[in-house]
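Have a look at the structure below before the remarks.
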There are 2 protein chains.
Amino acid sequence: MSPRVGLDLKTIVKAAADIADADGIEAVTLGTLSRKLNIRPPSLYNHVEGLPGLRKELALYGIKELEKCLALAAAGKALDDAVRSMGEAYLAFARRKPGLYEATFYTIDMGDTDIKLASDKIVNVVIQVLQQYGIDGENAVHATRGLRSILHGFASIVQKGGFAMEIDINESFHFLIDTFLMGIKNKCI
Amino acid sequence: MSPRVGLDLKTIVKAAADIADADGIEAVTLGTLSRKLNIRPPSLYNHVEGLPGLRKELALYGIKELEKCLALAAAGKALDDAVRSMGEAYLAFARRKPGLYEATFYTIDMGDTDIKLASDKIVNVVIQVLQQYGIDGENAVHATRGLRSILHGFASIVQKGGFAMEIDINESFHFLIDTFLMGIKNKCI
DNA sequence: ATTATAAAACTAATACCATTAGTTTTGGGA
DNA sequence: TCCCAAAACTAATGGTATTAGTTTTATAAT
């Protein structure tokens with residue numbers, strides 16, 4: 001048994017990510033993607049379970065890429081340095097790959113095992129950093145959920161162009177991270 | 001001059017909101033909506049500028065409803081009480097009207113004047129509450145952006161079913177709000 | 001080298017979607 | 001009663017996802 005080799009999933013998903021980054025996640029259709037890959041739309045079904053399957057693969061790719069960025073940013077750093085570095089990496093990712101970041105939250109099935117597994121890896125990176133503050137069990141979960149909310153909320157609003165005023169957005173981000181850290185330290189210690 | 005009266009925009013937008021809440025924002029199409037209203041799809045163009053126009057109206061409706069909830073929650077309360085009450089109202093809205101809340105962030109044009117105006121009203125409610133802490137000019141913007149990020153991030157993750165662990169979600173929310181408040185008070189005062 | 005095979009890519013067809021153009025209906029004001 | 005403008009309609013177009021069934025083709029075994 002040994003078939004011919006055609007396109008592989010990685011190539012397909014990367015092409016989809018390029019479309020998403022260039023024209024938004026809604027521009028990722030089997031039509032636009034197949035045109036970019038020089039094949040006919042039905043051929044994609046050999047690699048992906050229709051549009052929902054493609055979206056899942058794209059979300060998975062985005063989550064994994066984001067996790068790599070966050071892990072790299074936190075590596076070798078501790079406490080506030082690690083949190084700030086991780087926050088900057090998160091925001092930078094959302095800016096650098098707006099469509100791919102969008103895909104990590106766009107019509108994804110949080111019940112899906114693969115998605116859950118990849119998401120858990122991000123959660124673990126965040127937990128490891130926050131544990132350095134000596135936050136205990138249940139509070140560690142609260143703090144992790146909090147930081148995740150902050151990062152996603154801010155990045156999501158930035159990505160949608162939601163901060164209109166002239167005030168510097170990066171300063172607002174640092175303000176928020178520092179406020180969170182200040183709160184954590186005055187609360188859990 | 002006086003034409004016949006048919007459907008009005010409010011009826012249409014509310015029907016769209018019902019579909020969004022029941023089956024998700026992607027289920028809101030001119031087809032499903034026209035079926036629910038017992039008309040043919042092209043008739044909707046008499047009231048709304050196609051699907052993009054419908055989505056704008058839906059987002060606008062959601063933003064206005066949310067603003068009403070937040071203003072009501074903050075009314076007559078001060079400082080931490082006001083912030084906590086507002087936070088709870090925000091999260092409750094996202095849970096009660098998941099599809100409509102989704103619409104407030106789904107393919108909306110932040111450059112649109114109506115959207116910007118409605119959004120500004122929400123921002124003003126938040127600013128008014130935070131000003132009670134005596135935060136000055138630029139920091140007030142940072143703090144407002146921060147609280148908005150927290151509320152949207154948390155609500156958005158909840159709505160997508162992103163918090164998987166057994167730990168109580170409401171407790172996590174209160175933890176986050178309190179952490180933010182603690183941070184603000186130890187930072188700006 | 002030849003051939004069998006399994007996957008990849010294809011064509012054809014269906015059903016749904018948004019949208020436009022042009023027609024018919026209809027209800028309130030004169 | 002009649003007018004007319006808005007509302008709703010029909011018909012048609014081009015895009016979308018998807019399925020079924022066919023053809024192509026690279027590889028692995030002969």
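Protein chains get the first letters and strands the later ones, always in sequence-line order, with residue 1 at the start of each.
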query: Does NZ or CZ of A:Arg145 fall inside the cone over B:Phe154's six-membered ring, less than 6.0 Å from its centre and within 45° of the axis?
result: no
task: Please state how far atom CZ in B:Arg35 lies from atom C1' in C:dA18, giving the value in whole angstrom units.
output: 13 Å
message: Under 4.0 Å between a side-chain nitrogen and a carboxylate oxygen: does that hold for B:Asp21 and B:Arg96?
response: no
message: If you count every heavy atom of other residues, nucleotides or ligands that lies below 6.0 Å from B:Lys160 atom NZ, does the total exceed 12?
response: yes
query: Does CE belonging to A:Met110 count more than 12 external heavy atoms closer than 6.0 Å?
result: yes
message: Measure CG/B:Leu33 against C1'/C:dC16 and give the value in whole Å, please.
response: 16 Å
- prompt: Among residues 42-58 of chain A, which residues get a heavy atom nearer than 4.0 Å to DNA chain D?
  reply: A:Pro42, A:Tyr45, A:Gly50, A:Leu51, A:Pro52
task: Write down the distance between CD1 (A:Ile39) and C1' (C:dA7), rounded to a whole number of angstrom.
output: 14 Å
message: I need the CG-P distance between B:Leu37 and D:dA7, as an integer number of Å.
response: 14 Å
query: Please give, in whole Å, the distance from D:dT16 C1' to A:Glu26 CD?
result: 13 Å
query: So does B:Arg40 get a side-chain nitrogen or oxygen closer than 4.0 Å to the phosphate oxygens (OP1/OP2) of D:dA8?
result: no
- request: Not counting sequence neighbours, list each pair that qualifies as a salt bridge (charged side-chain N to carboxylate O under 4.0 Å, His left out) and has a residue in residues 29-57 of chain A.
  value: A:Arg55-B:Glu26, A:Lys56-A:Asp112, A:Lys56-A:Asp114
message: What I want to find out is whether A:Glu65 reaches A:Lys68 closely enough, with some N-O distance under 4.0 Å, to be called a salt bridge.
response: yes
